[in-house]
Amino acid sequence: MFLLLFYDYVKEKQEERKKRSKEEKEKEKEEKAEIKEKYGYAIIDGHREAVGNFTVEPPGLFLGRGDHPKAGMVKARIYPEQVTLNLGEKATVPPCPVEGHNWGEIVHNHEVTWVASWRENINNQNKYVLFSAQSSVRGKSDRSKFETARRLKKFVKKIRKDYESSLKEKDDFLCQRATAMWVIDHLALRVGNDKGKDQADTVGCCSLRKEHVKLHKPRSIEFDFLGKDSMRYHNTVEVPEVIFKNFQRFHKGKKKGEQLFDKLNPAQLNAHLQTLMKGLTAKVFRTYNASQTMQQELLKLSVEESKKMSVEERILFFNRSSVQVAVLCNHQRSVSKTHSVQMEKLDKQIEDTKTLIKEMKDHLARLKAGKTPKERGKDENGEDLKAFSTNPDTVQKRIDALEDKIRKILIKKEEKDNLKEVSTSTSKVNYIDPRVSLAWCIKHDVPIQKIFSKTMRTKFAWAIHDVQANNNYEF
DNA sequence: ACCCTGACTTAGCATCGACCAG
DNA sequence: CTGGTCGATGCTAAGTCAGGGT
């Protein structure tokens, strides 16, 4: 009863919002901008920088992703007394905007980047007001992330040698560690920390369980599990014999529910990675792998070839390259509600074009036979359709062009359908070194706004600067 | 060694809004 | 001008990983 009422209430509110007039929307937008101007910035080291989330999260029903044990719990309202502010010693404390209330603690912590924090009641975790992705603080750490991944490129030979030499270890821990490194290096899986019973059951490399892999002789492994955000990772990979044997070994004698890498945990794996390269952790492999893949894909287009292509065709090539990365990282999206409608529209375009071709072929046959052309009839609006040319060559050319059009629509349709579940934005924002993309734009004469939106260009200001200094940038 | 927690990065979905065809 | 489409942006959940405590 309560749920139904709540659902109706929310739906009603949504409908109300949709119905707002232009003026109301305009006014709301202005008010929002005013609030952002007032609360959306903080001064750090003398620079005024935007903070990403300057409001606390409103109360509501927690949903979570996938099969979450806490779905439906009430997320409580946050009051100013629960909010800690992290300010400079000399900074004036901003007045509390909620009448009759006051801030909780005021701290002066120089070791962290958050300006405010509070604790949330669902998972009892801290939430933070952090500088936005476009701020220079975040830009600096973004850059250093990619620099670490670039260092991995130099160390990767040595690291592969290290784990390859341990793949046949008798010691379970060493063998599991080496095998996990192989998996993280080759399949770009997340490390997979242990999770509590009060969270959705999702896994990464170290937390893979017996039921998540199927072994197909002679040496294929079928991975099928729910990863971060309960996204399904389903991939059958042909692996080297030693890897296959190791998986057989970790599989053997275990029951459903038992971890394959039962002697290994992420902390141990990361500790070992640190000994091979300072600053190396499991997640660096994803960044490295993504950036490296993008660079390799982009290199497949030579300047000579791209000179013959239109800018649109070059962008298409770029987008197809980023799809490779998204597939590698298993970045997915749910199929759009209008996907099937879009598909049908393309089908109709094809059908209409086919009908037209047929009509033109008849017309051409009549021309060649010396018969008088048929009347073409009327379109759906009752207008007379334009008569076909009486020149057979012109008609034939038109038919050829239409057949080409069909081929293009078919390709477009297939591409659209293939990519309906692939999301390229996540890898673009988090994994691909933006300097790789920017250097490619310069090399192939593609305006950068074609590949990076305004916010992305601000976020990657550091990268634009880097590439201006070195437009032959190599990851 | 292991567990817990704080801080930060990574993630997909909902909504917004710019642009385009009709 | 309008309604539909799709990329951009907002939101916050869900990961990673280090450091401290036991």
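So you know, we letter chains A, B, ... as the sequences are listed, proteins then strands, and number each from 1.
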Can you identify which nucleotide, out of B/dC13, B/dC2, C/dA14, has its nearest atom closest to the A/Q268 side chain? B/dC2

How many Å lie between CG on A/L189 and P on C/dT16, as a whole number? 11 Å

What residues 114-124 of chain A contributes to the DNA chain B interface at heavy-atom separation below 4.0 Å is A/W114, A/R119

Quick one: label A/R333 by what it contacts on the DNA or RNA (base, sugar-phosphate, nothing), any heavy atom closer than 4.0 Å. sugar-phosphate

Atom-pair distance (CE on A/M456; C1' on B/dT10), nearest Å: 13 Å

Can you list the residues that meet the salt bridge (Lys or Arg N to Asp or Glu O under 4.0 Å) rule with A/E297, with sequence neighbours excluded? A/K300

Note: for A/M231 and A/N265 on DNA chain B, the residue whose nearest nucleotide lies more 5' is A/N265

Protein proximity profile, nucleotides 16-22 of chain B - base contact B, sugar-phosphate-only contact S, no contact -, cut-off 4.0 Å on heavy atoms: SS-----

Using atom CD of A/Q134 as one end and atom C1' of C/dG10 as the other, report the distance to the nearest whole Å. 11 Å

Positions of residues 190-206 of chain A (non-hydrogen atom under 4.0 Å from DNA chain C), listed by number: A/R190, A/V191, A/G192, A/N193, A/K195, A/T202

Classify the nucleic acid contact of A/A267 as base, sugar-phosphate or nothing, counting any heavy atom under 4.0 Å across all strands shown. nothing

N or O in side chain of A/N53 less than 4.0 angstrom from C/dC11 OP1/OP2: no

Flag, side chain of A/D198 to backbone of A/P69, donor-acceptor distance under 3.5 Å: no

Surrounding CZ of A/R398 (heavy atoms of other residues, nucleotides or ligands, distance under 6.0 Å), is the total greater than 12? no

Can you name the ring pair (Phe, Tyr, Trp, His ring centres under 6.0 Å) partners of A/F146, sequence neighbours left out? none

Grab the NZ-P distance between A/K459 and C/dG10 for me, whole Å please. 13 Å

Only one of A/P266, A/C175, A/C205 clears side-chain contact (heavy atoms from CB on, under 4.5 Å) with A/F261; which? A/C205

Taking it one step at a time, do A/Q259 and A/N265 satisfy side chain to side chain donor-acceptor pair (under 3.5 Å)? CA-CA 10 Å; A/Q259 286 191 356; A/N265 67 45; over 6 Å; no

Salt bridge (Lys or Arg N to Asp or Glu O under 4.0 Å) pairs touching residues 71-89 of chain A, sequence neighbours excluded, are A/E57-A/K75

Closest to the A/V112 side chain, choosing from B/dG12, B/dC8, B/dT10: B/dC8

Does a side-chain N or O from A/T113 land closer than 4.0 Å to OP1 or OP2 of B/dC8, or not? yes

Heavy atoms only: give me the nearest A/D201-A/L226 pair and the separation to one decimal. O-CB, 4.3 Å

Round to a whole Å and report the spacing from CG of A/N430 to P of C/dT16. 14 Å

State which residues pass salt bridge (Lys or Arg N to Asp or Glu O under 4.0 Å) with A/R314; sequence neighbours excluded, sorted by chain then number. none

Rounded to whole Å, the NE2-C1' distance (A/H68 to C/dG15) equals 12 Å

Look at the aromatic rings of A/Y128 and A/W114 and report parallel, tilted or perpendicular, splitting at 30° and 60°. tilted

Any pair with a residue in residues 264-290 of chain A that passes ring-ring contact (aromatic ring centres under 6.0 Å, His included), sequence neighbours left out, goes on the list, sorted by first then second residue, please. none

For the side chain of A/K228, starting at C-beta, report the closest nucleotide among C/dC6, B/dA7, B/dA11. B/dA11

Using side chain to side chain donor-acceptor pair (under 3.5 Å), reason through A/D262 and A/Q176 one step at a time and then give a plain yes or no. CA-CA 8 Å; A/D262 59 332; A/Q176 288 187 7; 2.7 Å; yes

Nearest non-hydrogen partners of A/R249 and A/K170, listed with the distance: NH2-O, 2.7 Å

Go nucleotide by nucleotide along DNA chain C from the 5' end; which of A/V284 and A/G64 gets its closest nucleotide reached first? A/G64

Can you tell which of B/dA11, C/dA13, B/dC13 lies closest to the side chain of A/K127? C/dA13

Strictly under 3.5 Å: I want the nitrogen or oxygen pairs between protein and nucleotides 18-22 of chain C, one per line.
from, atom 1, to, atom 2, distance (Å)
C/dA18, OP1, A/Q274, NE2, 3.1

Members of residues 135-150 of chain A that approach DNA chain B, where some heavy atom sits under 4.0 Å away: A/R138, A/S141, A/K145

Interatomic distance where NZ belongs to A/K450 and P belongs to C/dG7 [whole Å]: 13 Å

What residue pairs, at least two apart or across chains, pass ring-ring contact (aromatic ring centres under 6.0 Å, His included) with a residue in residues 18-64 of chain A? A/F62-A/H68

So which atom in A/S306 and which in A/H444 form the shortest heavy-atom distance, rounded to 0.1 Å? OG-ND1, 2.9 Å

Side chain of A/N109 only, heavy atoms from C-beta on: which candidate in B/dA7, B/dT10, B/dC13 is closest? B/dA7

Checking A/S136 against A/E49: is there a side-chain donor and acceptor pair closer than 3.5 Å? yes

Which pairs count as ring-ring contact (aromatic ring centres under 6.0 Å, His included) when at least one residue sits in residues 327-346 of chain A, sequence neighbours excluded? A/H331-A/Y431

The single option from A/V83, A/T84, A/N126 that satisfies side-chain contact (heavy atoms from CB on, under 4.5 Å) with A/W118 is A/V83

Please check the phosphate of C/dA8 (OP1 and OP2 only) for any side-chain N or O of A/K454 closer than 4.0 Å. no

Rounded to the Å, how far apart are A/H339 NE2 and C/dC6 P? 11 Å

Identify, between A/Y128 and A/R286, the residue whose nearest nucleotide on DNA chain B lies closer to the 5' end. A/Y128

B/dA11 phosphate, OP1 or OP2, under 4.0 Å from A/T426 side-chain N/O: no

